[in-house]
Amino acid sequence: MGLFDKKNCDICGEKIGLLGNRKLDDGNLCKNCASKLSPWFEERRHSTVEDIKRQLEYREKNKNAVRSFSITREFSADRYHVFIDDNKGLFAVAFNMSEQDNPDIVPLSAITSCRLDIDEQRVEEEYKDQDGESRSYVPPRYNYSYDYKIKLGVNTPWFDDMDFKLNTFSVKDHERAKMMNYEQLANQIIIALTGAPAPAPVYSNGMMNQGYQQQGGMMNQGYPQQGGMINQGYPQQGGMMNQGYPQQGNMMNQGYQQQGGMMNQNTPQQASGDTWVCACGATNTGAFCEYCGSPKP
């Protein structure tokens with residue numbers, strides 16, 4: 001047979017177009033059959049024809065689970081939604097909860113891990129000299145942007161992760177409200193799926209501004225920041241320094257709370273009056289944390 005000879009799908013038997021073949025370990029798969037596979041499935045090229053047939057049988061049965069799924073809680077990101085059926089102990093991550101979309105219905109008990117991954121990108125800021133040439137500032141200045149992804153590990157026969165982004169467009173370092181909203185949403189999703197407090201976010205690219213010089217002569221262990229006190233993971237106002245958010249100033253921040261311009265290692269922040277400090281680092285006055293939703297201890 002020639003290189004460009006048409007092939008038949010080993011699942012449905014239909015002819016496969018010139019650009020429509022999806023190779024299997026021991027056969028061929030057409031685009032139509034491939035579209036019915038789970039969107040979280042990543043091992044198609046290493047799957048056999050029998051593997052694909054078994055998964056397509058599961059996907060047909062999954063439609064019954066979609067029809068009987070009762071949404072008791074829903075968390076909406078820019079594109080993805082997390083749907084939870086508390087009555088049956090099930091969840092799904094999808095664009096829509098419909099039989100046509102056929103999102104995978106997964107037991108909450110199948111979750112093995114869940115955390116927030118923050119991908120940081122930085123671009124150096126430059127200026128034009130008198131000859132029109134681009135020059136770096138001394139010390140260098142950077143513009144930062146961030147992407148927020150939930151890394152969700154699961155134990156199922158067909159896939160072992162359901163990673164999804166919360167944002168569609170990267171968040172710039174000056175968009176404080178968006179930063180806070182995405183972290184709040186991530187904390188709510190993690191707590192809802194696992195029933196446990198959200199772990200500290202993981203910063204990809206190995207950057208986290210560690211050792212990078214910033215505007216105003218600062219070096220930050222986290223996002224570029226503004227202010228003078230540390231708050232782990234949430235932006236605040238009134239001269240506060242946030243671990244994980246942009247800052248400008250002349251101090252070196254290494255994740256320690258400060259008072260009176262001194263750096264105190266491992267010294268907890270004291271709450272006054274009716275305020276209390278949540279495990280996430282936020283200061284609150286009500287019965288629940290306004291950032292992560294945890295109850296007052």
Original post:
According to the interplanar angle, ranging from 0 to 90°, do the rings of Tyr148 and Tyr182 count as parallel (below 30°), tilted (30 to 60°) or perpendicular (above 60°)?
Top reply: parallel
Original post:
What is the distance from atom CD1 of Ile189 to atom CZ of Arg73, rounded to the nearest 0.5 Å?
Top reply: 11.5 Å
Subject >> Student check: side-chain heavy atoms of Ile150 and Val82 closer than 4.5 Å >> reply: no
**OP:** Using the side-chain hydrogen bond (donor to acceptor under 3.5 Å, both in side chains) rule, collect all pairs that involve residues 89-102, keeping only residues at least two apart or in two chains.
**Re:** Asn62-Asn102, Arg67-Glu99, Asn96-Asp101, Ser98-Asp101
Subject >> Note, Asp104 side chain near Pro39 side chain (heavy atom, < 4.5 Å) >> reply: yes
**OP:** Using modelled atom types only, decide if a donor and an acceptor are shared between the side chain of Glu125 and the backbone of Tyr137 within a distance under 3.5 Å.
**Re:** no
Original post:
Is the shortest distance from a Lys or Arg side-chain nitrogen in Arg44 or Asp51 to a carboxylate oxygen in the other one below 4.0 Å?
Top reply: no
Original post:
Distance-only, no hydrogens or angles: does the Ser47 side chain make a donor-acceptor pair with backbone N or O of Leu24 under 3.5 Å?
Top reply: no
**OP:** May I ask you to say whether Asp147 pairs ionically with Lys165, meaning some side-chain N is under 4.0 Å from a carboxylate O?
**Re:** yes
Subject >> Distance in Å, Arg22 CZ paired with Ile11 CD1, rounded so as to fall on 0.5 Å steps >> reply: 14.0 Å
Original post:
Quick one: are Ile84 and Glu74 in side-chain contact, heavy atoms under 4.5 Å?
Top reply: no
Original post:
Within the distance-only criterion (no hydrogens, no angle test), does the side chain of Asp85 pair as donor or acceptor with the backbone N or O of Ser70 below 3.5 angstrom?
Top reply: yes
Original post:
Has Lys88 got more than 12 heavy atoms of other residues, nucleotides or ligands less than 6.0 Å from its NZ?
Top reply: yes
Original post:
Within the distance-only criterion (no hydrogens, no angle test), does the side chain of Asp129 pair as donor or acceptor with the backbone N or O of Asp131 below 3.5 angstrom?
Top reply: yes
Subject >> Stepwise side-chain hydrogen bond (donor to acceptor under 3.5 Å, both in side chains) test for Asp119 and Ser204 >> reply: CA-CA 5 Å; Asp119 181 25; Ser204 61; 3.0 Å; yes
Original post:
Hey, is the main chain of Gly27 close enough, under 3.5 Å, to the side chain of Asp10 for a donor-acceptor pair?
Top reply: no
Subject >> Full working for side-chain contact (heavy atoms from CB on, under 4.5 Å) between Leu56 and Leu37 >> reply: CA-CA 6 Å; Leu56 291 178; Leu37 297 172; 3.7 Å; yes
Original post:
How would you list all residue pairs meeting ring pair (Phe, Tyr, Trp, His ring centres under 6.0 Å) that involve residues 47-79, not counting sequence neighbours?
Top reply: Tyr58-Trp158
Subject >> Lys/Arg N to Asp/Glu carboxylate O, Asp117 vs Lys151, below 4.0 Å >> reply: no
Original post:
Heavy-atom distance under 4.5 Å between the side chains of Gln184 and Asn187, does that happen here?
Top reply: no
Subject >> Validation row: Tyr203, Glu120 side chains within 4.5 angstrom (heavy atoms) >> reply: no
Original post:
Between the side chain of Ser134 and the main-chain N/O of Glu126, is any donor-acceptor distance below 3.5 Å?
Top reply: no
Original post:
Crowded around Tyr127 OH? As in, over 12 foreign heavy atoms under 6.0 Å?
Top reply: yes
Original post:
Is there side-chain contact between Trp40 and Asp160, with at least one heavy-atom pair below 4.5 Å?
Top reply: no
Original post:
Do Met180 and Arg176 come close enough that some side-chain heavy atom pair is under 4.5 Å?
Top reply: no
Original post:
Above 12 or not: heavy atoms from other molecules or residues under 6.0 Å from NZ of Lys31?
Top reply: no
**OP:** State yes or no: are the ring centers of Phe91 and Phe83 separated by less than 6.0 Å?
**Re:** no
Subject >> Pairwise side-chain contact, Leu193 with Leu108, heavy-atom cut-off 4.5 Å (strictly under) >> reply: yes
Original post:
Within the distance-only criterion (no hydrogens, no angle test), does the side chain of Thr112 pair as donor or acceptor with the backbone N or O of Gly153 below 3.5 angstrom?
Top reply: yes
